Amino acid sequence: MRLSRYFLPVLKENPAEAQIVSHRLMLRAGMIKQQAAGIYSWLPLGFKVLRKIENIVHDEQIRAGHIPMQMPTLQPADLWRESGRYDAYGPEMLRMKDRHDRDMLFSPTAEEMFTDVFRAHVNSYKDLPLTIYQIQWKFRDEVRPRFGVMRGREFYMKDGYNFDLTKEDALHAYNRHLVSYLRTYERMGLQAIPMRADSGPIGGDDTHEFLVLAETGESEVFYDSQITDLTFGDRTINYDSREECQAVLEEFTSRYARTDETHDAAIFDQIPEERRRVARGIEVGQIFYFGTKYSEPMGATVTDAEGNKVPVHMGSHGIGVSRLLGAIIEANHDDKGIIWPEGVTPFHVGIVNLKQGDEAADAACEGLYADLEAAGFEPLYDDRNERAGGKFATMDLIGLPWRITVGPRGLANGVVELTSRRSGESVEMAPAEAVAKIKEIYAKHPHPKGA
RNA sequence: CGGGGCGUAGCGCAGCCUGGUAGCGCGACGGUUUUGGGUACCGUAGGCCGUAGGUUCGAAUCCUAUCGCCCCGACCA
């Protein structure tokens, strides 16, 4: 993309409405525009990152054997009356009537609808196990939306549902999700710690929340510092193996890590004092096992091998996709702007032409641009007729992790500059070498395919 | 939902107390000058002062109502 032809309305000053850093930076970097409390338009740059994150989620879900599909955002109230949640949900659910005076609602979550699809089409234990999921907009009419996309009323969320014959199968699904979530967050450059959590209104016996440590987090968290030493890394795992998934669950839940909802001071105090941590975290996902809570009242049953109709065991699992943008920025920024992890960056590399109109500089930039695109990358070429300082400031603000700086002085010596946004270090090299270096860097951070 | 604050140009703000017909910075646009970390200067455009009603000769300013937004707390992907 050439910046002169892109739509990137960056702001020099901080909008008054934004208090926390991720919200400020998203507005300044021209990623979002607020339309109402907790409701945002996604401008091109924000939309691009949202898509990257969404596609990583898809990649990892599909890798784990889960099947993508999509439910409507507007749903009839009847299904919700059947589950008993139409009355239970309260004013957080946005309700409306259609022209025939039928009660409708904007889906705040989709247990009912997935269960309905399941019962309509699945009848035999032979069709199990089954995990289906969607990434779809949800609406919860929060009392107090805040922090930009971190607590919007409208938000983009992956929600998945597993249907299994037995509790053991459902718990394997639970573990499989835990593993896939660990992979998902790490690919985005985040460390998200699974913490024992409270089940809340969704209900269920087993649940973990995934939290990203950040000062601006809304939850207070308590953990053993050893937990943050764990990484999933690039290990391979067989998602069908109960033992392997169970082992990962045990490894990543072997140290104390809880939110304030489930915190137990007596257990916490048994941890050696130097390892006890009290911090704040951003909740970016949650997994539940809830047995037959929905399948029984809604008649989601299968016929088992003995010919009996039995309710299926279910679980649900969520990842806050739009919230993740905020969480990633909270965890990756400095005073100049965003620093995108390679896995989610909207463009792989920025090209800064220090002297637009200079024959050699223009030609070198065009060459780099073409070579990078040919290699399968998306470069962002700042070809505007702006001063160097302005171009640098824009690049720093929007946070591309790598920048190639091209100017007449360097070109006189046959070199351009490759700069890391994170470290600020610059290395001079020939243009072809810079392209090779970018290839090398992104070999470790494949960009997602999506569903 | 309780408590606090704010709505004036695209963005950030001043003016309001002590009514007299709206201003600054950034940005945008046009020039000149610059060009390796937001250059300097000149000029231009842009506002029914959130909305409605009231008081007044006169309202951004005072009064009433209403809508919207932000922050703190209680609740939540």
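Keep in mind that the numbers below use all heavy atoms, side chains included, and drop hydrogens, waters and symmetry copies. Below, read A as the first sequence line, B as the second, and so on, with proteins coming before strands; counting in each chain starts at 1. Here the structure is a predicted model, which is why all the values come from computation and not from measurement.
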**Message:** If you compare every side-chain N and O of R144(A) against the phosphate oxygens of C70(B) (OP1, OP2), does one of them come in below 4.0 Å?
**Reply:** no
**Message:** When you measure from the side-chain N and O atoms of Q34(A) to the phosphate of C70(B), is any distance below 4.0 Å, counting only OP1 and OP2?
**Reply:** yes
**Message:** I need the CE-C1' distance between M150(A) and C71(B), as an integer number of Å.
**Reply:** 15 Å
**Prompt:** Using purine N1 to pyrimidine N3 plus N6-O4 or O6-N4 for Watson-Crick, or N1-O2 and O6-N3 for G-U wobble, each under 3.5 Å, what pairs with G73(B)?
**Reply:** C1(B)
**Complete:** Side-chain contact check for V143(A): nearest option of G36(B), C1(B), C75(B) is C1(B)
**Exceeds 12 heavy-atom contacts within 6.0 angstrom, atom CD of Q35(A)** = yes
**Asked** Touch check for A393(A), heavy atoms < 4.0 angstrom, all strands: base, sugar-phosphate only, or nothing?
**Response** base
**Prompt:** What nucleotide, of G37(B), G73(B), G38(B), holds the atom closest to the side chain of F392(A)?
**Reply:** G37(B)
**Request:** Answer with base, sugar-phosphate or nothing: what part of the nucleic acid does N14(A) contact at a heavy-atom distance below 4.0 Å?
**Result:** sugar-phosphate
**Message:** Could you identify the nucleotide paired to U55(B), looking across every strand shown and requiring Watson-Crick or G-U wobble geometry with both distances under 3.5 Å?
**Reply:** none
**Item:** C1' atoms of A14(B) and C71(B), separation to the nearest Å
**Value:** 22 Å
**Asked** For the pair made of CD1 in I39(A) and P in C69(B), what is the distance, rounded to whole Å?
**Response** 8 Å
**Rounded P spacing from G3(B) to U61(B) in Å** = 26 Å
**Asked** Which value, in whole Å, describes the distance between the C1' atoms of nucleotides C62(B) and C17(B)?
**Response** 11 Å
**Request:** Anything under 30° is parallel, anything over 60° is perpendicular, the rest tilted; go ahead and classify F377(A) against H348(A).
**Result:** perpendicular
**Request:** Using salt bridge (Lys or Arg N to Asp or Glu O under 4.0 Å) as the criterion, list what pairs up with E440(A), not counting sequence neighbours.
**Result:** K437(A)
**Request:** Rounded off to whole Å, could you give me the CZ-to-C1' distance for the F147(A) and C75(B) pair?
**Result:** 14 Å
Show each protein N/O and nucleotides 32-35 of chain B N/O combination with a separation under 3.5 Å, one pair to a line.
residue, atom, partner, partner atom, Å
U34(B), O2, R387(A), NH1, 3.4
U35(B), O4', R387(A), NH1, 3.3

**Prompt:** Looking at G38(B), G12(B), G36(B), which one has an atom nearest to any side-chain atom of K12(A)?
**Reply:** G38(B)
**Item:** Salt bridge present between R85(A) and E111(A) (N-O < 4.0 angstrom)
**Value:** yes
**Request:** Tell me whether the guanidinium CZ or amine NZ of R95(A) lies under 6.0 angstrom from the six-membered ring centre of Y86(A) and within 45° of its axis.
**Result:** yes
**Asked** Mind checking the P distance from G2(B) to G15(B)? Whole angstroms is fine.
**Response** 31 Å
**Proximal nucleotide (of C72(B), G37(B), G36(B)) relative to the R146(A) side chain** = C72(B)
**Asked** If you look at every strand shown and take non-hydrogen atoms under 4.0 Å, does P9(A) touch a base, only sugar-phosphate, or nothing?
**Response** nothing
**Message:** Heavy-atom nearest nucleotide on RNA chain B for A37(A) versus E417(A): which residue maps closer to 5'?
**Reply:** E417(A)
**Item:** Closest-nucleotide 5' rank along RNA chain B - winner of F155(A) and Y40(A)
**Value:** Y40(A)
**Request:** Whole angstrom is fine here: how far is it from CD in E220(A) over to P in A74(B)?
**Result:** 11 Å
**Asked** Think K48(A) forms a cation-pi with F347(A), using NZ or CZ under 6.0 Å from the six-ring centre and within 45 degrees of its axis?
**Response** yes
**Message:** Students often get this wrong, so: under 4.0 angstrom with heavy atoms, is G152(A) touching a base, only sugar-phosphate, or nothing?
**Reply:** base
**Request:** Write down the partner of C13(B) under the Watson-Crick or G-U wobble criteria, each distance required to be under 3.5 Å.
**Result:** G23(B)
**Message:** From the set G38(B), C72(B), C70(B), return the single nucleotide nearest to any side-chain atom of T394(A).
**Reply:** G38(B)
**Asked** Who is the Watson-Crick or G-U wobble partner of A40(B), with both distances under 3.5 Å?
**Response** U32(B)
**Prompt:** With sugar-phosphate meaning primed atoms plus P, OP1 and OP2, does G318(A) contact a base, only sugar-phosphate, or nothing at under 4.0 Å between heavy atoms?
**Reply:** nothing
**With R422(A) via side-chain hydrogen bond (donor to acceptor under 3.5 Å, both in side chains) - residues at least two apart** = N332(A)
**Asked** Between U51(B) and G68(B), how far is it from one P atom to the other, in whole Å?
**Response** 15 Å
**Prompt:** With sequence neighbours left out, what residues match P129(A) under side chain to side chain contact (heavy atoms under 4.5 Å, CB included)?
**Reply:** D164(A)
**Prompt:** Between T207(A) and R196(A), is any side-chain donor less than 3.5 angstrom from a side-chain acceptor?
**Reply:** no
**Side-chain (N175(A)) to main-chain (L249(A)) donor-acceptor, under 3.5 angstrom** = no
**Request:** Using the P atom as the reference point in each nucleotide, state the distance between G27(B) and U21(B) in Å, no decimals.
**Result:** 31 Å
**Item:** Close residues, residues 53-70 of chain A, relative to RNA chain B [heavy-atom separation under 4.0 Å]
**Value:** none
**Request:** Once you apply the 3.5 Å cut-off to both distances, tell me the Watson-Crick or G-U wobble partner of G7(B), or none.
**Result:** C67(B)
**Asked** Among G38(B), C75(B), C71(B), which nucleotide sits nearest the side chain of E142(A)?
**Response** C75(B)
**Prompt:** Which whole-number value in Å describes the distance from I20(A) CD1 to C70(B) C1'?
**Reply:** 13 Å
**Message:** Rounding to an integer number of Å, can you tell me how far E17(A) CD sits from G5(B) P?
**Reply:** 21 Å
**Request:** Classify the nucleic acid contact of R153(A) as base, sugar-phosphate or nothing, counting any heavy atom under 4.0 Å across all strands shown.
**Result:** nothing
**Asked** Does one side chain, of H66(A) or Y239(A), offer a donor that lies under 3.5 Å from an acceptor on the other?
**Response** no
**Asked** In whole Å, what separates the C1' atom of G23(B) from that of U8(B)?
**Response** 10 Å
**Asked** Paired with G47(B): which nucleotide, if any, by Watson-Crick or G-U wobble criteria at under 3.5 Å for both distances?
**Response** none
**Asked** Whole Å only: how far is the NZ atom of K33(A) from the P atom of C11(B)?
**Response** 8 Å
**Fill in**
P408(A) has its side chain closest, among C75(B), G37(B), G36(B), to G36(B)
**Asked** Can you tell me how far C1' of U39(B) sits from NZ of K391(A), to the nearest Å?
**Response** 15 Å
**Prompt:** Considering Watson-Crick and G-U wobble pairs with both distances under 3.5 Å, what does U61(B) pair with?
**Reply:** none
**Asked** Between the side chain of R153(A) and the main-chain N/O of K138(A), is any donor-acceptor distance below 3.5 Å?
**Response** no
**Request:** Name all residues meeting the side-chain hydrogen bond (donor to acceptor under 3.5 Å, both in side chains) criterion together with E92(A); count only those two or more places apart in sequence or in a different chain, and write none if there are none.
**Result:** none
**Message:** Once you apply a heavy-atom cut-off of 4.0 Å, does A18(A) come out as touching a base, just sugar-phosphate, or nothing?
**Reply:** nothing
**Inter-nucleotide C1' distance (C1(B), U64(B)), Å rounded** = 25 Å
**Shortest side-chain distance from R28(A), nucleotide among C11(B), G36(B), G38(B)** = G38(B)
**Asked** Is the Y294(A) to F290(A) ring centre distance short of 6.0 Å?
**Response** yes
